[in-house]
Structures are given as C-alpha cells and as structure tokens.
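Here's the structure we're looking at; comments come further down.
Since the model is a prediction, treat every value here as computed from it, not as a measurement. As a basis for the values below, the full set of heavy atoms in this structure was taken, side chains included, without hydrogen atoms, waters or symmetry mates. Along the sequence shown, the residues carry numbers beginning at 1.
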Amino acid sequence: LFSPAMFLVAAALIFLRLFPLAARISSWVTARVGSAWVAVGFWRLGRSPYWYAWPVLLLVLASGLAVVSGTLASTLERSNQEQIAYEVGADLHIVPGSRTRIEAGQLKALEGVDGVGPVTKALRQRAVYGTTAIGQDFMLLAVESLAYPKIASFREDFAQKPVKDLLARLHVNIKPDPIYLPEGTTEIGVWARTDPPVRNHFLWAVLRDPNGRNMTVTLGPIAGEWTYQSAEVPQGIQGPIELVSLQTFEQAGPDGGHPNLLYMDDVQVIRGNAPGGPRVELLIDFEEPGLWTGLPTSDGLDTTYGMAGEPAGLGTAVIGSAPGRTVARVVMGRGTDNGVRGIYRTATAAPIPVLANPLFLQATNAREGEPFVAAVSGAYAPVVIVGTVTYFPTLDPLRQPFLIGDVDTLIEFLELRGLSEFRANEVFVGLEPGTNKEEVVRRVRLAFPGANLGDRTALLAESVVDPLAVAGW
C-alpha cells in the first residue's frame with residue numbers, strides 16, 4: 001500500500017545528499033566552458049544548494065501524498081466491495097419474518113422476473129453439538145450446494161481448497177428409490193414384536209404426500225409375540241404416498257427408553273379400489289438388507305438395523321403375507337428422540353456431510369471423517385465433517401463456530417420423524433447484468449412482505465470512498 005510513497009521519500013533523501021555535489025561539479029564545469037551569466041548562476045547554486053532543494057522536496061512529498069491517496073482509495077474501495085459481498089452473500093439476500101414460510105411457488109415467481117438469475121433457498125438455524133443441552137452451540141447454515149456458488153463470491157483465502165469444490169462434497173443423494181403405496185391404498189400393516197415386551201410401546205409408519213408433508217400413522221402397541229398391526233391410511237390425498245420411516249414411540253425422556261429388540265416382517269397394504277374388490281399387496285418383505293438405517297437418539301447412533309431368521313409359519317394368519325427366510329431386526333438402546341426411535345430409508349447409510357470452520361473444531365474437538373450427532377430444533381441429525389472452511393459468506397468466523405450443509409439433504413432428514421415440519425428461512429438471489437433492480441425489489445416485497453432485504457448494489461452505492469477524505473488521513 002505505502003511502497004510507492006516510501007520509494008519517493010527514499011529518492012528525495014538520496015537527492016538531498018547528491019544535489020550539493022552535483023551543484024559544485026556543474027559550477028566548476030561552467031566556469032571553464034560556459035558563459036559568464038551561466039557560471040555565476042551555478043556558482044550561486046553551488047555555494048547554497050539546500051536553498052533550492054526545498055521546492056524539489058515539496059514536489060516529491062506532494063507526489064507521494066497523491067500516490068498514497070490513490071492507492072489507499074482503491075484498496076479501501078476493493079475492501080468495501082469484498083466486505084459487502086461477504087455480508088450479503090449474493091446480489092440480494094432475503095430474510096422473511098419469523099412467521100413467513102418460503103414456498104416453492106415463491107421461488108419460481110422470482111425466477112420468472114426478467115434479469116433474475118439463480119434463486120436459491122437456505123436454512124439458518126442455531127444448533128447444539130451432541131445430544132445434551134450443555135453441548136457447544138453453533139450456527140448451522142444449509143445452502144443449495146450446487147446452485148449457491150453460482151451467485152456467491154469466494155476468495156482464495158476462505159479455505160485451503162476451493163470452496164466450490166468443498167460445497168460439491170455436500171451434494172450427496174441420501175434418498176433411495178421411494179417406496180410408494182399402490183393407488184387406492186386404504187390400510188397399511190406389518191407383523192411385529194419386541195423382546196422384551198414394553199408397555200405402551202407403539203409402532204408408527206411415517207408417510208409423505210406429494211407436497212413433501214409427512215404424516216404419522218399409528219399401528220398400535222407392540223406385543224411380545226408376533227402380531228399383525230394395521231391402521232387406515234389418510235384419504236383424499238392427490239398423488240402417490242411414500243413410506244419413509246418405521247418408528248416406535250414410548251413416553252420417555254431423552255435417555256429413558258427401554259432397551260429392546262424390535263422385529264418386523266411383511267409390510268402390507270390393502271387396495272380398496274382393486275378390480276374384483278379389496279386386495280392385499282406385499283410392500284416390503286425384508287428378505288434383503290435393503291437401505292434402512294437407525295435414527296439417531298439422545299445416545300447418539302445407538303439404533304442399528306440388521307436381519308434375523310424368520311420363524312416358521314409367520315404370516316400365515318393374514319391373507320397376502322409371504323413366508324420367507326428373514327425378518328428385520330432393530331436394536332434399540334436407552335436413547336430416544338423425544339420418545340421416538342426407529343429406522344429410515346437412505347441410499348448411503350452414511351451421516352449428512354458438512355463443512356466446519358476451525359473455531360468449531362477447536363470448541364468441540366470434532367475431527368474430519370468422524371460422525372457425531374447434532375441437535376437441530378429438537379431433532380437429532382447424524383453429521384460428518386468432510387472439509388474445513390475458514391470463512392463463508394454471511395457468517396462471522398471469529399465469534400461463533402459454524403457448520404455448512406446442503407439444505408435439501410438436511411430438511412429431508414429432519415422431517416423423517418414426522419413430528420415437525422422444516423422449511424427454508426432465507427433466500428439468495430442472483431441478478432443478470434443490466435437487470436432492472438427496482439422491479440426485482442418490488443417483486444420481492446410483494447412475495448415477502450416485511451422481509452429484511454440485503455441489497456449488494458445499494459450498499460456499494462452508499463459506501464463510495466472519497467479520495468479527499470483519504471488524503472485527510
């Protein structure tokens with residue numbers, strides 16, 4: 001920043017040392033070869049050289065001040081641009097009110113505005129490391145890991161590796177091919193038993209409608225002997241219904257669950273509109289390991305899924321049951337998630353990948369590649385650190401630990417219990433060059449009334465660096 005000015009000062013000091021010598025040499029030369037008036041002038045200059053050096057020094061200092069002002073102004077302007085880009089995170093950053101939900105229709109409406117580029121949703125939520133209230137709290141920011149880098153700016157010093165490449169690691173498809181209930185399903189059931197039996201221990205089936213909303217169907221208390229348990233499926237839903245999880249519930253605290261084994265076999269449905277009358281159809285036979293994984297609890301990843309041999313004659317009492325070789329075996333410890341335990345379907349059986357900042361690693365002693373459980377709005381999520389970032393837009397890396405995840409992957413998992421509904425609570429908008437920003441802002445205000453709007457262009461216009469003010473420093 002100050003190198004050009006320091007160079008000019010150094011040159012001025014050297015000039016002051018060499019100027020008297022040059023003046024004496026000039027007077028000696030002109031006395032022998034020059035005219036009288038020239039010789040007299042150089043004699044005068046040689047006798048008092050420093051008298052004429054001060055104007056030169058003044059010019060040098062003025063030039064140095066101009067160089068410093070110009071360099072500092074451009075540096076401050078660039079610093080302001082980068083700080084604002086970091087603070088806003090995109091061209092526009094929309095934070096709706098606490099009661100405003102971000103729906104897919106709102107995002108599509110913004111994408112339809114002329115000049116609007118990618119529109120991405122995000123979820124910002126305080127979370128806790130571990131499963132207890134005394135764990136280290138941190139900020140969890142989930143973005144669309146592939147779309148967000150298209151509208152955000154990352155500097156090379158944000159991480160040891162390119163941030164775009166690190167974000168690409170978060171885009172993992174944990175959702176397997178869905179298990180849909182056949183059209184016209186009126187009832188769902190499953191064979192189940194627990195060992196040892198537990199009083200008031202209920203079996204749930206979590207279903208999802210085409211709009212992504214989860215529904216919990218109670219199949220009744222689980223007995224100590226093999227029993228077929230069933231319940232009616234909610235009607236009036238347009239489109240396919242997906243089975244996403246099989247869970248149990250007992251009225252217990254975080255670590256108050258009864259350790260036991262849950263056995264299940266032959267998930268079946270009844271189609272009320274089948275040709276020729278109601279018909280029983282087999283949905284899951286548990287003859288293959290499948291893509292099931294235990295839900296995290298207050299004791300961490302203590303629920304495990306496996307297979308066991310099927311008892312002879314199981315299922316013969318119910319029409320449509322299929323005798324086979326194996327049944328599902330779920331090992332459950334004392335930990336629960338507000339009384340809930342169970343299994344869910346996943347394509348990878350791996351925790352949710354996240355990025356962490358160094359302060360998070362220091363505060364929690366977590367390590368890259370080692371899974372752990374985080375509590376997010378009362379729900380437990382299994383996560384694993386796959387990379388480290390020092391800085392990430394809109395987050396303060398010096399005051400609070402943070403994790404970065406993929407918004408779709410995170411919400412997909414948090415809603416597995418079927419007890420809570422999670423939605424993105426922020427929107428990042430990218431603009432094309434030459435966009436009518438006023439029109440975009442108007443449409444944003446209509447779609448998100450009362451929202452807090454961060455506008456990178458407006459903030460840049462308000463932070464113009466005044467060269468005169470820089471010179472005054």
Side-chain angles (χ1 to χ4, degrees), residues 77-126 139-155 158 162-164 166-168 170-171 355 389 391-397 400 402-411 422-465:
E77 184 176 2
R78 179 181 176 183
S79 176
N80 279 340
Q81 292 175 352
E82 293 180 348
Q83 289 182 19
I84 290 172
Y86 189 90
E87 176 185 350
V88 179
D91 291 321
L92 296 177
H93 181 199
I94 307 170
V95 182
S98 58
R99 296 184 179 182
T100 302
R101 298 176 52 180
I102 297 176
E103 302 291 349
Q106 294 173 305
L107 301 181
K108 292 182 179 179
L110 287 180
E111 291 175 346
V113 179
D114 291 339
V116 172
V119 178
T120 68
K121 60 183 180 294
L123 174 64
R124 190 185 304 267
Q125 185 69 51
R126 290 189 176 275
M139 182 61 68
L140 175 62
L141 176 61
V143 299
E144 295 186 46
S145 55
L146 296 184
Y148 182 65
K150 299 178 182 179
I151 59 176
S153 59
F154 304 110
R155 292 193 337 192
F158 280 14
V163 179
K164 293 181 180 180
L166 293 175
L167 285 175
L170 307 182
H171 186 70
L355 304 177
V389 291
Y391 302 95
F392 198 86
T394 72
L395 293 173
D396 187 347
Q400 188 173 39
F402 65 76
L403 291 181
I404 306 298
D406 183 85
V407 61
D408 292 323
T409 302
L410 182 64
I411 292 178
F422 291 83
R423 286 291 182 270
N425 54 17
E426 295 184 9
V427 180
F428 292 98
V429 181
L431 302 179
E432 301 291 344
T435 299
N436 184 355
K437 187 173 66 65
E438 290 74 14
E439 174 62 16
V440 175
V441 171
R442 187 184 69 84
R443 296 285 292 272
V444 169
R445 296 297 187 190
L446 292 176
F448 302 97
N452 181 19
L453 179 62
D455 187 342
R456 179 160 58 185
T457 303
L459 292 176
L460 287 174
E462 296 173 358
S463 63
V464 176
V465 178

*Yes or no on side chain to side chain contact (heavy atoms under 4.5 Å, CB included) for Ser153 and Gln81, after CA distance, side-chain angles and deciding distance?*
CA-CA 11 Å; Ser153 59; Gln81 292 175 352; over 6 Å; no
*Which heavy atom in Ala451 sits nearest to a heavy atom in Pro96, and how many Å separate them?*
CB-CA, 3.7 Å
*When rounded to the nearest 0.5 angstrom, what is the spacing between CG in Leu146 and NE2 in His171?*
4.5 Å
*Please assess Leu403 against Met139 for the test side chain to side chain contact (heavy atoms under 4.5 Å, CB included), listing each intermediate value before the final yes or no.*
CA-CA 6 Å; Leu403 291 181; Met139 182 61 68; over 6 Å; no
*Any donor-acceptor pair under 3.5 Å linking the side chain of Asn80 with the backbone of Leu460?*
no
*Worked check of side chain to side chain contact (heavy atoms under 4.5 Å, CB included) between Leu453 and Leu92*: CA-CA 7 Å; Leu453 179 62; Leu92 296 177; 4.2 Å; yes
_side-chain contact (heavy atoms from CB on, under 4.5 Å) partner of Pro149, the single match among Val163, Leu167, Leu166_ = Leu167
*Test side-chain contact (heavy atoms from CB on, under 4.5 Å) applied to Phe402 and Val389, Thr394, Leu141, the passing residue*: Val389
*Would you find a donor on one side and an acceptor on the other, under 3.5 Å apart, between the side chain of Tyr148 and the backbone of Ala122?*
no
*What orientation do Phe428 and His93 show, parallel under 30°, tilted 30 to 60°, or perpendicular over 60°?*
parallel
*Lys121 bridged to Glu426 by N-O distance under 4.0 Å*: no
_Passing candidate, side-chain contact (heavy atoms from CB on, under 4.5 Å) with Asp91, options Leu431, Val429, Ile151, Asp455_ = Leu431
_What verdict does the side chain to side chain contact (heavy atoms under 4.5 Å, CB included) test give for Val427 and Leu107, after you've listed the backbone C-alpha separation in whole Å, the side-chain angles of each residue and the deciding distance to 0.1 Å?_
CA-CA 8 Å; Val427 180; Leu107 301 181; 3.8 Å; yes
*Which one of Leu410, Asp408, Asp406, Leu140 satisfies the side-chain contact (heavy atoms from CB on, under 4.5 Å) criterion with Leu123?*
Leu410
*Under 4.5 Å between any side-chain heavy atoms of Thr409 and Leu170, yes or no?*
no
_Leu395 to Arg124 - nearest heavy-atom pair and separation_ = CD2-NH1, 3.4 Å
_Side-chain heavy-atom pair Gln400, Arg126 within 4.5 angstrom cut-off_ = yes
*What heavy-atom pair brings Phe422 and Ile411 nearest, and what distance separates the two atoms?*
O-CG2, 3.6 Å
*Is the ring centre of Phe154 less than 6.0 Å from the ring centre of Tyr391?*
no
*Salt-bridge test for Glu111 and Lys108: reply yes if a basic N is under 4.0 Å from a carboxylate O, no otherwise.*
no
